[in-house]
A.B. asks: 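Quick one: this structure, given as structure tokens, is what I'll be asking you about.
Here the structure is a predicted model, which means the values were calculated and not measured. Naming convention: chains lettered A, B, ... in sequence-line order (proteins, then strands); numbering from 1 in each chain.
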2 protein chains.
Amino acid sequence: MATAVDTGWSEHALATLRAAGYRRGGARTAVVEALARHDCSVTPLQLDDELRRRDPPVGRASIYRALEQFEQLNLIRRVETTRGAAAYERVEPDGHHHHHAVCHACGEMETFEDRELERAIGRISKGMTFEISEHDVVLRGLCRRCAD
Amino acid sequence: MATAVDTGWSEHALATLRAAGYRRGGARTAVVEALARHDCSVTPLQLDDELRRRDPPVGRASIYRALEQFEQLNLIRRVETTRGAAAYERVEPDGHHHHHAVCHACGEMETFEDRELERAIGRISKGMTFEISEHDVVLRGLCRRCAD
DNA sequence: ATGACTGCAAAGCCTTTGCACGCAA
DNA sequence: TTGCGTGCAAAGGCTTTGCAGTCAT
């Protein structure tokens with residue numbers, strides 16, 4: 001679940017950050033690059049593992065601070081794949097996104113996209129009194145290996 | 001979001017607990033009663049607020065332990081309404097359930113049910129390699145008051 | 001009498017905050 | 001030069017665990 005497929009998200013992110021008035025700091029850039037390498041959700045602590053031993057090392061606090069800023073700029077989105085802990089995923093500028101199935105036993109994840117699901121959620125959102133801006137859908141169960 | 005509507009869930013829960021070999025402890029019973037009073041998701045800390053000043057008081061650890069047991073017996077279900085913290089909801093024996101919209105600003109919740117949504121999720125679940133046993137759907141946005 | 005149940009306090013995660021130093025602009 | 005950005009360490013929440021006393025059976 002790594003092996004980059006950066007569709008230009010990094011550039012988009014760096015440009016958005018600059019436009020928002022942020023300076024180009026080493027830690028923040030390192031977090032952008034790390035996120036670009038992940039196709040699926042990542043936790044702050046996973047990023048910390050990756051970036052801690054860099055030279056120069058990136059501090060854990062900087063990772064949390066960067067993620068908070070990125071989320072506010074809608075560059076990443078928090079997903080509820082990891083119960084009780086944060087996990088984030090890139091937001092693609094074209095709005096394309098997927099959802100997740102998570103294994104109760106080992107945490108393995110599988111992703112899916114579905115138009116009927118999105119259509120239903122869109123319709124429901126319009127009918128609520130709330131102004132809905134995002135949605136989480138997570139399926140939970142056992143992966144094939146853990147089911148045996 | 002309180003004001004009881006216990007459809008027999010308490011009795012069901014107590015019977016299930018007894019059948020599973022649990023003794024009838026005061027703390028556990030108090031947690032069952034507290035859950036029966038809530039129609040929507042509750043956090044362990046909300047329950048603690050309610051049960052701490054009882055006589056005799058219920059300890060926080062007992063609440064967490066009870067919730068863990070109830071979840072394993074499928075009497076309650078963890079829902080992801082409160083980011084970064086746990087929240088639980090009764091599982092109705094007939095399988096009837098609803099989902100939630102949560103306000104980013106104030107945490108207020110609105111619930112909904114939708115057959116097309118459930119149908120889509122059921123179909124998707126069958127198509128996965130995972131054995132899916134539950135699903136979370138949470139819409140997020142601003143409630144009417146916070147949107148102004 | 002036996003072992004489950006409970007409350008308290010301590011310990012464990014994850015996350016946030018305070019602070020002094022360093023670096024971008 | 002200014003003040004944003006960063007790392008470290010400390011502090012904050014929520015949750016879990018250890019332990020000794022209590023209670024259900």
Side-chain angles (χ1 to χ4, degrees), chain A residues 13-35 41-73 75-76 78-88 107, chain B residues 13-35 41-73 75-76 78-88 107:
Chain A
L14 292 172
T16 303
L17 285 164
R18 178 148 44 146
Y22 288 107
R23 293 182 184 177
R24 179 159 188 148
R28 194 145 51 212
T29 303
V31 176
V32 168
E33 290 168 355
L35 287 166
S41 67
V42 217
T43 66
L45 264 25
Q46 288 175 314
L47 294 174
D48 183 51
D49 278 345
E50 294 175 22
L51 300 178
R52 183 173 37 205
R53 58 261 284 193
R54 272 187 24 135
D55 187 59
V58 175
R60 184 171 295 186
S62 299
I63 294 174
Y64 278 100
R65 283 188 279 238
L67 292 172
E68 183 185 349
Q69 297 159 352
F70 297 177
E71 188 182 22
Q72 285 187 346
L73 293 172
L75 294 170
I76 60 177
R78 179 170 175 155
V79 291
E80 301 302 311
T81 50
T82 311
R83 283 188 151 158
Y88 297 90
Chain B
L14 292 172
T16 303
L17 285 164
R18 179 147 45 145
Y22 288 108
R23 294 182 180 178
R24 178 156 187 150
R28 195 145 50 213
T29 303
V31 176
V32 168
E33 291 167 355
L35 286 166
S41 67
V42 218
T43 66
L45 264 24
Q46 288 175 315
L47 294 174
D48 183 53
D49 278 345
E50 293 174 22
L51 301 177
R52 182 174 38 205
R53 59 260 285 193
R54 271 186 26 134
D55 186 57
V58 175
R60 183 170 295 186
S62 299
I63 294 174
Y64 279 100
R65 283 189 279 239
L67 293 172
E68 183 185 348
Q69 297 159 353
F70 298 176
E71 188 182 21
Q72 284 186 349
L73 292 172
L75 294 170
I76 60 176
R78 179 170 174 155
V79 291
E80 301 303 311
T81 50
T82 311
R83 285 188 150 158
Y88 296 91

A.B. asks: Give the minimum heavy-atom separation between B:Thr81 and B:Ser41, together with the two atoms involved.
C.D. replies: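 Smallest heavy-atom distance, with atoms named: OG1-OG, 3.2 Å.
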A.B. asks: Could you list the residues that satisfy side-chain contact (heavy atoms from CB on, under 4.5 Å) with B:Arg78, not counting sequence neighbours?
C.D. replies: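 Result, side-chain contact (heavy atoms from CB on, under 4.5 Å) vs B:Arg78: A:Arg83, B:Glu71, B:Glu80, B:Ala86, B:Tyr88.
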A.B. asks: Starting at the 5' end of DNA chain D and moving along, which residue's nearest nucleotide shows up first, B:Ala87 or A:Ala27?
C.D. replies: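 Going by which nucleotide is closer to the 5' end, it is A:Ala27.
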A.B. asks: Contact list please: residues 78-85 of chain A against DNA chain C, heavy atoms, distance less than 4.0 Å, in numerical order.
C.D. replies: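 Going residue by residue through residues 78-85 of chain A, the ones with a heavy atom under 4.0 Å of DNA chain C turn out to be A:Ala85.
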A.B. asks: Quick check on contacts: within residues 52-59 of chain A, what sits under 4.0 Å from DNA chain D by heavy-atom distance?
C.D. replies: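 Heavy-atom contacts with DNA chain D come from A:Pro57, A:Val58, A:Gly59.
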A.B. asks: Can you check the A:Asp49 CG to C:dC14 P distance for me, whole Å?
C.D. replies: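 Roughly 10 Å, once rounded to whole Å.
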A.B. asks: Can you name the side-chain contact (heavy atoms from CB on, under 4.5 Å) partners of B:Ala30, sequence neighbours left out?
C.D. replies: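 Partners of B:Ala30 by the side-chain contact (heavy atoms from CB on, under 4.5 Å) criterion, ordered by chain and then number, come out as B:Leu51, B:Arg54, B:Val58.
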A.B. asks: To the nearest Å, give me how far apart CD (A:Gln69) and P (C:dT16) are.
C.D. replies: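 Nearest whole value for this atom pair: 12 Å.
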A.B. asks: Contact class for A:Arg28 vs. all strands (heavy atom < 4.0 Å): base, sugar-phosphate, or nothing?
C.D. replies: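 Answer is sugar-phosphate: A:Arg28 comes under 4.0 Å of backbone atoms only.
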A.B. asks: By side-chain contact (heavy atoms from CB on, under 4.5 Å), which residues pair with B:Thr43, not counting sequence neighbours?
C.D. replies: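 In terms of side-chain contact (heavy atoms from CB on, under 4.5 Å), with neighbours along the sequence ignored, B:Thr43 is linked to B:Leu45, B:Gln46, B:Thr82, B:Ala87.
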A.B. asks: Please test A:Leu35 against A:Leu67 for side-chain contact (heavy atoms from CB on, under 4.5 Å), starting from the C-alpha separation and ending with a verdict.
C.D. replies: CA-CA 10 Å; A:Leu35 287 166; A:Leu67 292 172; 4.2 Å; yes
A.B. asks: How many angstroms lie between atom CD of A:Glu68 and atom CD1 of A:Ile76, to the nearest 0.5 angstrom?
C.D. replies: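 Here the interatomic distance stands at 10.0 Å.
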A.B. asks: For the pair made of CD in B:Glu68 and C1' in C:dC5, what is the distance, rounded to whole Å?
C.D. replies: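 Checked: the CD to C1' distance equals 14 Å.
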A.B. asks: Would you please test B:Thr16 and B:Phe70 for side-chain contact (heavy atoms from CB on, under 4.5 Å) and show each step?
C.D. replies: CA-CA 9 Å; B:Thr16 303; B:Phe70 298 176; over 6 Å; no
A.B. asks: Strictly under 4.0 angstrom, non-hydrogen atoms only: write out the protein contact profile of nucleotides 18-25 of chain C, one letter per nucleotide from the 5' end, B, S or -.
C.D. replies: B-----BS
A.B. asks: Quick one: do A:Leu75 and A:Leu17 satisfy side-chain contact (heavy atoms from CB on, under 4.5 Å)? Show the steps, please.
C.D. replies: CA-CA 9 Å; A:Leu75 294 170; A:Leu17 285 164; 4.2 Å; yes
A.B. asks: Roughly what angle, to 10°, lies between the helix axis at the start of the helix from C:dA1-D:dT25 to C:dA25-D:dT1 and the one at its end, five pairs per end?
C.D. replies: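 End-to-end axis angle: 30°.
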A.B. asks: Applying salt bridge (charged side-chain N to carboxylate O under 4.0 Å, His left out), can you list everything that pairs with B:Arg60, at least two apart in sequence or on another chain?
C.D. replies: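 Expected list: B:Asp48.
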A.B. asks: Could you tell me the boundaries of the chain A footprint on DNA chain D, defined by atoms under 4.0 Å from its heavy atoms?
C.D. replies: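 Boundary nucleotides touching chain A, in 5' to 3' order, are D:dG3 to D:dC8.
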A.B. asks: Mind listing the closest non-hydrogen atom pair of B:Ala34 and B:Leu47 along with its distance?
C.D. replies: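 Heavy atoms only, the tightest pair is CB-CD2, 3.7 Å.
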A.B. asks: Ignoring backbone atoms, test whether A:Tyr64 places a side-chain nitrogen or oxygen under 4.0 Å from the OP1 or OP2 oxygen of C:dT16.
C.D. replies: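 No, outside the criterion.
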A.B. asks: Near A:Arg18 CZ, under 6.0 Å, is it more than 12 heavy atoms from other residues, nucleotides or ligands?
C.D. replies: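 Check fails, neighbour count at 12 or below.
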A.B. asks: Pairs in or reaching into residues 20-31 of chain A: which pass side-chain hydrogen bond (donor to acceptor under 3.5 Å, both in side chains), with residues at least two apart or in two chains?
C.D. replies: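 Sorted result for residues 20-31 of chain A: A:Arg28-A:Gln69.
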A.B. asks: Tell me the interatomic distance from B:Asp48, atom CG, to C:dT6, atom C1', rounded to whole angstroms.
C.D. replies: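 Rounding to the nearest Å, CG of B:Asp48 and C1' of C:dT6 are 14 Å apart.
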